[in-house]
Amino acid sequence: MTDIYEEIEALKAREEAAILAHYYQDGEIQELADFTGDSLKLARAATTVDQPTIVLCGVHFMAETAKMLNPAKRVLLPDLQAGCSLAESCPAPALARFQEQLRAEGRRFQTVTYINSSAAVKALSDWVVTSGNAQQVIARVPSEFEILFVPDRHLGAYLEEVTGRTMILWNGSCMVHEVFSVLDLLALKRRLPHARTIAHPECPANIREHSDFVGGTEAMLRYVASFDQPQDFLVATEANMLWQLEHKAPWHRYHAVPGIACACNKCPHMARNTLEKLRDCLVHGRPEIAWRPEFDRAREVVERSLLH
Ligand code: 13P
């Protein structure tokens with residue numbers, strides 16, 4: 001019987017494909033990838049790929065972003081249903097209506113949109129940010145404008161704290177980061193009093209305020225790597241991040257902060273991509289992300305925000 005890893009390697013060569021995987025994918029998929037990264041690193045890596053095909057092992061908005069930035073490439077997503085609760089929380093027609101209402105009130109604002117959103121929402125935006133570059137991009141919004149930040153209210157609240165800009169916040173949240181249990185975090189802290197807590201800025205304030213470090217997944221990797229001596233880290237983000245932390249800084253010990261309803265915090269959308277679906281998308285050349293009209297305007301915003 002052929003090993004599925006060998007099968008994927010052979011198909012990757014046959015199809016001239018590069019595999020890009022987000023840190024929230026299963027470790028076995030990250031292990032097979034040519035590039036791993038946070039949302040920002042993956043978007044930038046997609047523009048450097050020589051191969052004609054990109055397989056984006058992540059969620060739908062990541063594959064859309066890769067296609068937008070590389071229209072000539074074939075971009076495959078192992079499971080087309082791999083969505084995002086944040087993207088779902090902000091449908092483009094609802095955003096357009098809200099912007100219209102603000103304009104009718106005479107408000108002068110720019111729309112700053114988290115990359116976890118559809119291309120149609122990006123097309124309605126002035127800027128697109130990731131957890132990795134949000135502060136730098138917000139510094140580019142002229143002070144005479146208010147900021148409408150969509151769709152993550154927790155990331156938005158965090159950015160208000162660190163940038164000092166007040167924002168109009170859309171009421172969206174990430175289904176994974178929303179449910180970390182502060183009681184379990186405090187119990188873990190009592191058990192491991194010297195541990196440092198690292199939290200993604202998609203976490204609500206009640207988790208962030210008990211954290212030693214708040215940052216996106218790439219920033220978390222840099223933070224833990226800055227400690228030479230082995231330490232305990234309590235990690236408040238998607239549980240697969242522990243694989244990458246253990247991979248890049250294996251001298252530390254990592255403990256996943258549990259969610260309210262379960263012991264793990266795995267994104268059900270990311271989990272849709274399996275080794276079998278990765279193999280099958282290379283065999284069949286689908287699901288493929290097709291170019292859509294809104295990509296034209298979204299591409300301008302994404303390029304300006306993430307590449308320049
Ligand atoms: P980063 O990749 O920017 O850390 O954000 C995580 C995320 O929300 C992926 O969907």
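Read the numbers this way: they start at 1 and go in the same order the structure lists the ligands and their atoms.
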Looking at [X], which atoms of ligand 1 are within less than 4.0 Å of one of its heavy atoms?
{"X": "T217", "result": "1 (P), 2 (O), 4 (O)"}
{"X": "Y114", "result": "5 (O), 8 (O)"}
{"X": "Y24", "result": "6 (C), 7 (C), 9 (C)"}
{"X": "M62", "result": "9 (C), 10 (O)"}

- Task: Flag yes if more than 12 heavy atoms outside R103 fall under 6.0 Å of its CZ atom; otherwise flag no.
- Result: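 Enclosed: over 12 neighbouring heavy atoms sit under 6.0 Å from CZ of R103.
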
For the 3.5 Å polar cut-off, considering only N or O atoms, please tell me whether [X] and ligand 1 meet it.
{"X": "H22", "answer": "yes"}
{"X": "S39", "answer": "yes"}
{"X": "E218", "answer": "no"}
{"X": "E202", "answer": "yes"}

- Matching residue for R279 among E7, E9, E15 - test: salt bridge (charged side-chain N to carboxylate O under 4.0 Å, His left out):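 Only one of E7, E9, E15 forms a salt bridge (charged side-chain N to carboxylate O under 4.0 Å, His left out) with R279, namely E7.
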
- Task: Assess whether ring pair (Phe, Tyr, Trp, His ring centres under 6.0 Å) is satisfied between F213 and Y223, documenting all intermediate values.
- Result: CA-CA 8 Å; F213 178 79; Y223 179 72; 4.2 Å; yes

- Query: Would R165 and E146 satisfy side chain to side chain contact (heavy atoms under 4.5 Å, CB included), going step by step from the backbone distance to the final call?
  - Reply: CA-CA 8 Å; R165 299 281 296 256; E146 288 188 85; over 6 Å; no

- Query: At a 4.0 Å cut-off, with the gap strictly under it, does some heavy atom of V59 reach an atom of ligand 1?
  - Reply: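 In this structure, V59 fails to qualify as a contact of ligand 1 - no heavy atom is under 4.0 Å.
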
Can you tell which part of [X] has a heavy atom less than 4.0 Å from ligand 1: side chain, backbone, both or neither?
{"X": "E238", "result": "neither"}
{"X": "N116", "result": "side chain"}
{"X": "Y23", "result": "neither"}

- Message: Looking at W170, I'd like to know if the NZ or CZ of R153 sits under 6.0 Å from its six-membered ring centre while staying within 45 degrees of the ring's axis.
- Response: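 Output no; distance or angle outside limits.
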
- Item | For atom 5 (O) of ligand 1, closest protein heavy-atom neighbour |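 In this structure, atom 5 (O) of ligand 1 has H200 NE2, 3.2 Å as its nearest protein heavy atom.
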
- Message: Just to confirm my output: which protein heavy-atom neighbour is closest to atom 3 (O) of ligand 1, and how far is it?
- Response: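 Of the protein heavy atoms, S131 OG, 2.6 Å lies nearest.
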
- Taking all non-hydrogen atoms of both residues into account, name the closest pair between L245 and Y254 and its distance.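 L245 and Y254 have their closest heavy atoms at O-OH, 3.4 Å.
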
